Amino acid sequence: MLVTATLICTIVTLLLIYLILRNNLHLKDIPKPEANLFWGHLTTLADRSAQLKKVAELTQKYGGLIRLYIPPKRPAVLVADKDILQNILNNENALEKSQDYQYLKVWLGEGLITGGGVQWRNRRRMLTPCFGRMSTLKHFVQIFEKLGDVLVEKFNEQLDNPSFDVFPHMKLFTLDVICETSMGIITNCQRDGNTSYCQSIEEMTRIAIRRMLSPLKRFDAFYQFTNDYQKQKEALKEIDAFYENIISNKKRTMSSKSVEEDEDGSKQNFLDQLLRHQENGEALSDKDIQEEINTFMFGGHDTTATGLSFILYSLARHPNVQEKVLEEQETIFGSLEKDPEVTYAHLQDMKYLDAVINEALRLYPPIPVFGRKLTDDIKLENGVVLPKTLSIGFTVYSVHHNPEYFPDPEKFLPERFLKDDIMPYTHLPFSAGPRSCIGKKFAMLQIKSCISKISRHFKLLPSIPDYELKLMPEITLVSKNGMRISLEKRT
Ligand code: HEM
């Protein structure tokens with residue numbers, strides 16, 4: 001008995017010594033804010049609703065590069081310095097995704113968000129044109145506008161409400177948009193509520209978040225006995241069945257047409273475009289295509305819904321900015337008509353609205369932190385070496401709230417984006433470098449179409465009673481107490 005107890009004590013002590021040495025020697029050149037020897041920064045980060053602000057404070061204090069440590073996890077190295085970001089985001093040795101993204105692989109496979117290596121490079125090259133073709137984007141603007149009209153109907157139902165949370169509305173709007181633009185499917189989520197396919201998409205996102213945040217669910221051996229594992233199986237079954245039905249219908253109609261109905265391909269959704277790639281002999285298997293469609297579904301709706309909600313919340317609290325948005329609408333359309341025929345060119349002309357969106361995405365970056373894993377050492381200009389296999393977190397929220405980059409960082413001042421003096425690598429809502437967001441243009445057009453339409457129809461007002469957001473980092477930035485506003489119909 002005594003021998004066993006002594007053995008266990010020795011093993012635990014050796015393990016602790018190993019962890020302490022590993023975390024202190026391996027990365028000794030990277031500043032470490034004061035921490036407890038055994039539980040590291042656990043207490044510093046315990047309050048999740050204060051995490052973003054705390055990390056912003058620490059990264060500023062320690063020069064934009066820190067390591068934080070919560071046992072038994074490896075230390076998290078966090079970057080918030082613009083020059084280091086520029087170096088790493090463009091570095092060939094930092095193109096792989098960090099561990100957290102693994103939990104999405106069961107759904108997204110080797111799709112663009114989770115994939116890596118040569119395969120990612122090839123797919124990125126093949127998929128880039130899908131997001132840049134002017135004719136397709138123009139077609140998508142019509143879809144944004146049509147579905148935006150439904151959103152206006154839904155907002156009309158909220159007029160008597162002293163306040164309501166905009167986020168659930170934005171989720172349904174962006175789900176309708178991404179289903180129609182990705183696969184040509186009309187889901188009608190805004191009118192009829194979530195379909196079981198869309199519910200499964202939501203479920204998979206929530207499960208991935210819970211896995212990332214849980215110390216135990218990270219381990220497969222434990223995870224497979226959890227409720228979430230069963231739910232994941234169900235959700236994936238639903239997603240696969242839905243997709244298989246779509247794809248077999250598509251293939252049938254495509255092969256029965258010798259000439260594509262829309263000859264220049266301008267009305268093609270993403271799936272049509274990927275299937276054409278396949279027909280042209282490019283190396284995209286059916287599985288590859290499904291992974292990419294799942295990736296667009298995941299990457300393209302929650303992010304945009306989050307961005308849209310924070311923009312509406314910000315506008316509601318800044319009537320002077322709303323007035324300027326409206327003045328711009330009047331200049332572009334010649335009068336304050338509520339439902340002009342909005343085109344791609346009109347959206348391109350909305351420069352002030354652009355600044356408003358950029359400023360809201362600065363204050364509330366929809367993805368507040370994202371990560372990479374190094375495939376080789378990276379030497380920084382100050383001589384610090386970031387070793388191979390290290391996982392790095394880019395704390396975009398900290399960068400966006402740094403007063404050296406953005407004076408008065410907590411103020412909502414769209415005008416700062418009208419000047420040409422934003423420092424490179426300080427505004428990163430869509431990341432930067434080779435793995436930046438492929439959907440940026442698409443997202444900006446969708447947001448502009450939606451916000452301009454809502455602004456023409458409604459005066460946005462603060463929630464009654466007014467309140468402060470409770471921000472927390474999940475995969476996206478969430479507000480635990482919602483994003484509430486109230487509405488008044490414009491006459
Ligand atoms: C406001 C809306 C959006 C924001 C803020 C946003 C933000 C981002 C960020 C920060 C990344 C880099 C993540 C990382 O490196 O881990 C990213 C990547 C990506 N985004 Fe977006 N995104 C938005 C909308 C969209 C849309 C609408 C789509 C597709 C329809 C999309 C598809 C993707 C894909 C496929 C990647 C992976 C790119 C690669 O690694 O090659 N995103 N996004």
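Counting starts at 1 for both ligands and their atoms, following the listed order. By convention here, the first residue in the shown sequence is residue 1. Everything numeric here is computed off the predicted structure, so don't read it as measured data.
- Phe430 CD2, 3.7 Å is the protein heavy atom nearest to atom 6 (C) of ligand 1.
- The ring of Phe270 has its center closer than 6.0 angstrom to the ring center of Phe131.
- Residue Leu112 has at least one N or O atom closer than 3.5 Å to an N or O atom of ligand 1.
- Salt bridge Glu153/Lys453: absent, no basic N to carboxylate O contact under 4.0 Å.
- The protein atom (non-hydrogen) at minimum distance from atom 25 (C) of ligand 1 is Gly299 O, 3.4 Å.
- Close contacts between ligand 1 and Thr303 involve ligand atoms 1 (C), 2 (C), 3 (C), 4 (C), 23 (C), 24 (C) [criterion: under 4.0 Å to a heavy atom].
- Residue contacts with ligand 1 do not include Phe394, since none of its heavy atoms lies under 4.0 Å from the ligand.
- Residues Leu112 and Glu292 come closest through the heavy atom pair N-OE1, 3.1 Å.
- Closest to atom 21 (Fe) of ligand 1 among all protein heavy atoms lies Cys437 SG, 2.3 Å.
- Ligand 1 places these atoms under 4.0 Å from at least one heavy atom of Ser431: 10 (C), 12 (C).
- Listed by atom number, the atoms of ligand 1 under 4.0 Å from Lys97 heavy atoms are 14 (C), 15 (O), 16 (O).
- A salt bridge does not link Glu110 with Arg123: every distance from a Lys NZ or Arg NE/NH1/NH2 to an Asp or Glu carboxylate oxygen is 4.0 Å or more.
- For ligand 1, the atoms closer than 4.0 angstrom to any heavy atom of Ser436 are 38 (C).
- Taking all atoms of both residues into account, the shortest heavy-atom contact from Phe298 to Leu108 is CD2-CD1, 3.6 Å.
- In summary, the aromatic rings of Phe173 and His169 are positioned with their centroids too far apart to meet the 6.0 Å limit.
- Ligand-side atoms of ligand 1 in range of Ala443: 2 (C), 24 (C), range being under 4.0 angstrom from any heavy atom.
- Between Arg211 and Asp220, at least one side-chain N (NZ, or NE/NH1/NH2) sits under 4.0 Å from a carboxylate O, which counts as a salt bridge.
- Atoms of ligand 1 lying under 4.0 Å from any heavy atom of Tyr101, numbered from 1 in the order shown and given with element: 14 (C), 16 (O).
- Nearest protein heavy-atom neighbour of atom 38 (C) of ligand 1: Arg124 NH1, 3.3 Å.
- Residue Val177 comes nearest to Phe144 through the heavy atom pair CG1-CE2, 3.5 Å, listed as atom of the first residue, atom of the second, then distance.
- Ranking protein heavy atoms by distance to atom 29 (C) of ligand 1, first place goes to Phe131 CE2, 3.7 Å.
- Taking each heavy atom of Cys179 and Cys198 in turn, the nearest pair found is SG-SG, 4.1 Å.
- Checked against a 3.5 angstrom limit, the closest N/O atoms of Arg372 and ligand 1 fall inside it.
- Ion pairing between a basic and an acidic side chain is recognised when a charged N comes within 4.0 Å of a carboxylate O; Lys217 and Asp228 show such pairing.
- Heavy-atom distances between Ile178 and ligand 1 reach below 4.0 Å in at least one pair.
- Looking at ligand 1, you won't find any N or O of Thr304 less than 3.5 Å from one of its N or O atoms.
- Between Glu474 and Lys480 there is a salt bridge, since a side-chain N of the basic residue sits under 4.0 Å from a carboxylate O of the acidic one.
- Regarding atom 28 (C) of ligand 1, its nearest protein heavy-atom neighbour is Gly300 CA, 3.6 Å.
- Considering only non-hydrogen atoms, atom 7 (C) of ligand 1 lies nearest to Pro429 out of Pro429, Pro434, Gly371, Pro366.
- No cation-pi contact links Arg484 to Tyr467, judged by a cut-off of 6.0 Å to the six-membered ring centre and 45° from its axis.
- The closest protein non-hydrogen atom to atom 40 (O) of ligand 1 is Arg435 NE, 3.0 Å.
- With respect to the salt-bridge test (charged N to carboxylate O, under 4.0 angstrom), the residues Glu328 and Lys324 do not qualify.
- Close approach of ligand 1 to Trp120 (heavy-atom distance below 4.0 Å) involves ligand atoms 39 (C), 40 (O), 41 (O).
- For Gly307, the heavy-atom gap to ligand 1 stays at 4.0 angstrom or more.
- For atom 37 (C) of ligand 1, the nearest protein heavy atom (residue, atom name, distance) is Ile113 CG1, 3.5 Å.
- Near Phe442, with a cut-off below 4.0 Å to any heavy atom, the atoms of ligand 1 are 27 (C).
- Salt-bridge check for Glu404 with Lys82: failed, with every basic side-chain N at 4.0 Å or more from each acidic carboxylate O.
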